[in-house]
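In this text the structure is predicted, and so the values were computed from the model without any measurement.
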Amino acid sequence: MALFSKKKTEEEKPQFSVLPNHLGIIMDGNGRWAKKRGLPRTAGHKEGAETFRTISKECAELGIKYVTFYAFSTENWKRPKEEVDAIMRLFKEYLLEAKRDFVKAGNNKIVFIGERKGISDELNALMDEAEAETADHTGTTIYLAVNYGGRQEIVSAVNKLISEGKTEITEDDISSKLYTVPECDMIIRPSGEERLSNFLLWQAAYSEFWYSDVLWPDFGKEELYSALREFEKRNRRFGG
């Protein structure tokens, strides 16, 4: 699904004066992509998984240090069982192929964030294995948010601090207990929606946002480059 041949990629890969240190991506629009083509929603999720592979590798090649992909929210369990089961099957297929993918992608690390409860023992084991296999890698850290919610993450952080005996909690305390690095510099959301949907609520306090009408399965490298070009232009004052 690469947009360019290897030779052309090497010649034409863009250069950026500044890149986000931590990029968040809400992978949205799989179901609508399938519906527009008269296909089952599962077909959209399958295409979306391929887009994830392409974009995660491209982010790593560009040198973005952290990328968080919103794959499955705590609210997504409300979807029809058939669709949820299909997503979990795709997730399993991805995990089984993860070792091969990361060999191709190079020195990248994968970390799964979210609540493990409710996910099958088989998938939890595969997630642990993928994390262990890349734990010593020093390239891009790819956070994959599965059974994740931003409110849940903050509650989890506070409960960890309470269990440690904290009676007064600071912002730095909460930041230290989050699943991801604290600050998210930019959030990309395709599909025409313009909301966070419970994604990285704490980390997005000063995030730059970029929206697109392109549905996630059609989101390619050019859309990624457009978002990053826009990030270069933003004047980030952090409230100052």
Inter-residue atom distance Q203.CD - Y206.OH, 0.5 Å rounding
15.0 Å
Is a side-chain N or O of N108 found less than 3.5 angstrom from the main chain of G139, in a donor-acceptor match?
no
Answer yes or no: is there a side-chain heavy-atom contact under 4.5 Å between E164 and L161?
yes
Would you say the side chain of Y225 lies within less than 4.5 Å of the side chain of K13, judging by non-hydrogen atoms?
yes
Do you know which two heavy atoms are closest between K109 and T134, and how far apart they sit?
CG-O, 3.6 Å
Give a yes or no on whether the backbone of G150 and the side-chain of N198 come within a donor-acceptor separation of less than 3.5 Å.
yes
Carefully, step by step, assess I25 and L23 under the rule side chain to side chain contact (heavy atoms under 4.5 Å, CB included).
CA-CA 7 Å; I25 300 179; L23 176 65; 4.0 Å; yes
Would you find a donor on one side and an acceptor on the other, under 3.5 Å apart, between the side chain of T68 and the backbone of Y143?
no
Full working for side chain to side chain donor-acceptor pair (under 3.5 Å) between T180 and H22
CA-CA 9 Å; T180 72; H22 181 192; 4.6 Å; no
Using a strict cut-off of less than 4.0 Å between a Lys/Arg side-chain nitrogen and an Asp/Glu carboxylate oxygen, indicate whether K57 and E61 qualify as a salt bridge.
no
Taking I174 as the starting point, is it possible to reach V181 by hopping between hydrophobic residues whose side chains are less than 4.5 Å apart?
yes
Do V155 and W202 land in one hydrophobic cluster if side-chain heavy atoms of ILVMFWY residues count as linked below 4.5 Å?
no
Y70 ring center within less than 6.0 Å of Y148 ring center
yes
Check whether any side-chain heavy atom of D185 lies under 4.5 Å from a side-chain heavy atom of E208, and answer yes or no.
no
Between T74 and N147, do the side chains contain a donor N or O and an acceptor N or O under 3.5 Å apart?
no
Mind checking the NZ-OG spacing from K160 to S176? Nearest 0.5 Å is all I need.
9.0 Å
How far apart are the closest heavy atoms of S17 and E232, and which atoms are they?
N-OE2, 2.5 Å
Sub-4.5 Å side-chain heavy-atom contact between K92 and M88:
no
To the nearest 0.5 Å, atom NZ of K65 lies from atom OG1 of T138 at 10.0 Å
Using a distance-only test with no angle check, is there a side-chain donor-acceptor pair under 3.5 angstrom linking D173 and T170?
yes
Let's go through E223 and S212 carefully: what are the C-alpha distance in whole Å and the side-chain angles of both, what is the deciding distance for side chain to side chain donor-acceptor pair (under 3.5 Å) to 0.1 Å, and is it a yes or a no?
CA-CA 8 Å; E223 284 76 26; S212 168; over 6 Å; no
Does N76 use its side chain to pair, donor to acceptor, with the backbone of S73 at less than 3.5 Å?
yes
Go through the structure and list residues passing side-chain contact (heavy atoms from CB on, under 4.5 Å) with Y211, not counting sequence neighbours.
R189, E194, F209
Which salt bridge (Lys or Arg N to Asp or Glu O under 4.0 Å) pairs, counting each pair once, include a residue from residues 32-45, with sequence neighbours left out?
D28-R32, R32-E193, R37-D218, R41-E83
What one should report as the nearest heavy-atom pair of I87 and F72 is CG2-CD1, 3.9 Å
Minimum heavy-atom separation for P14 to L62, with atom names?
O-CD2, 4.1 Å
Cationic N near anionic O, under 4.0 Å, E171 to K177
no
What heavy-atom pair brings C59 and T140 nearest, and what distance separates the two atoms?
O-OG1, 4.3 Å
The test is side chain to side chain contact (heavy atoms under 4.5 Å, CB included); show your working for F112 and Y179 and say whether it passes.
CA-CA 9 Å; F112 297 95; Y179 297 135; over 6 Å; no
Considering all heavy atoms of both residues, which atom of G24 and which atom of C184 are nearest to each other, and what is their separation?
N-SG, 3.6 Å
D85/R79 under salt bridge (charged side-chain N to carboxylate O under 4.0 Å, His left out): CA gap, chis, key distance, verdict:
CA-CA 10 Å; D85 289 346; R79 294 183 177 184; over 6 Å; no
Can you confirm whether I162 sits close enough to N159 that some side-chain heavy atom of one is under 4.5 Å from a side-chain heavy atom of the other?
yes
Taking atom OG of S56 and atom CD1 of I110, what is their separation to the nearest 0.5 Å?
8.0 Å
Using side chain to side chain contact (heavy atoms under 4.5 Å, CB included), reason through L228 and L19 one step at a time and then give a plain yes or no.
CA-CA 7 Å; L228 296 176; L19 286 168; 3.9 Å; yes
Would you say V18 ends up clustered with W210 if hydrophobic residues are merged whenever their side chains have heavy atoms under 4.5 Å apart, either directly or through other cluster members?
yes
Could you state whether I26 and W77 fall into the same hydrophobic cluster, counting links through intermediate Ile, Leu, Val, Met, Phe, Trp or Tyr residues with side-chain heavy atoms under 4.5 angstrom apart?
no
Could you walk me through whether K46 and E50 satisfy the salt bridge (charged side-chain N to carboxylate O under 4.0 Å, His left out) test, starting with their C-alpha distance in whole Å, then the side-chain angles of each, then the deciding distance to 0.1 Å, before giving a yes or no?
CA-CA 7 Å; K46 187 172 180 63; E50 292 302 318; 5.6 Å; no
Would you kindly confirm whether I169 and L201 end up in one hydrophobic cluster when ILVMFWY residues are joined by side chain heavy atoms under 4.5 Å apart?
yes
Can you establish whether the number of heavy atoms outside E115 located under 6.0 Å from its atom CD is more than 12?
yes
What distance separates I119 CD1 from R116 CZ, expressed to the nearest 0.5 Å?
6.5 Å
Could you go through N30 and L215, starting from their C-alpha distance and side-chain angles, then the distance that decides it, and tell me whether this counts as side chain to side chain contact (heavy atoms under 4.5 Å, CB included)?
CA-CA 7 Å; N30 293 338; L215 301 174; over 6 Å; no
Under 3.5 Å, is there a donor-acceptor pair between the side chain of S156 and the main chain of Q152?
no
Residues passing the side-chain contact (heavy atoms from CB on, under 4.5 Å) test with P190, sequence neighbours excluded, are I188, W216, F219
Output for pair (M27 CE, L144 CG), nearest 0.5 Å, gives 6.0 Å
Would you call the rings of F69 and F52 parallel, tilted or perpendicular, where under 30° means parallel and over 60° means perpendicular?
perpendicular
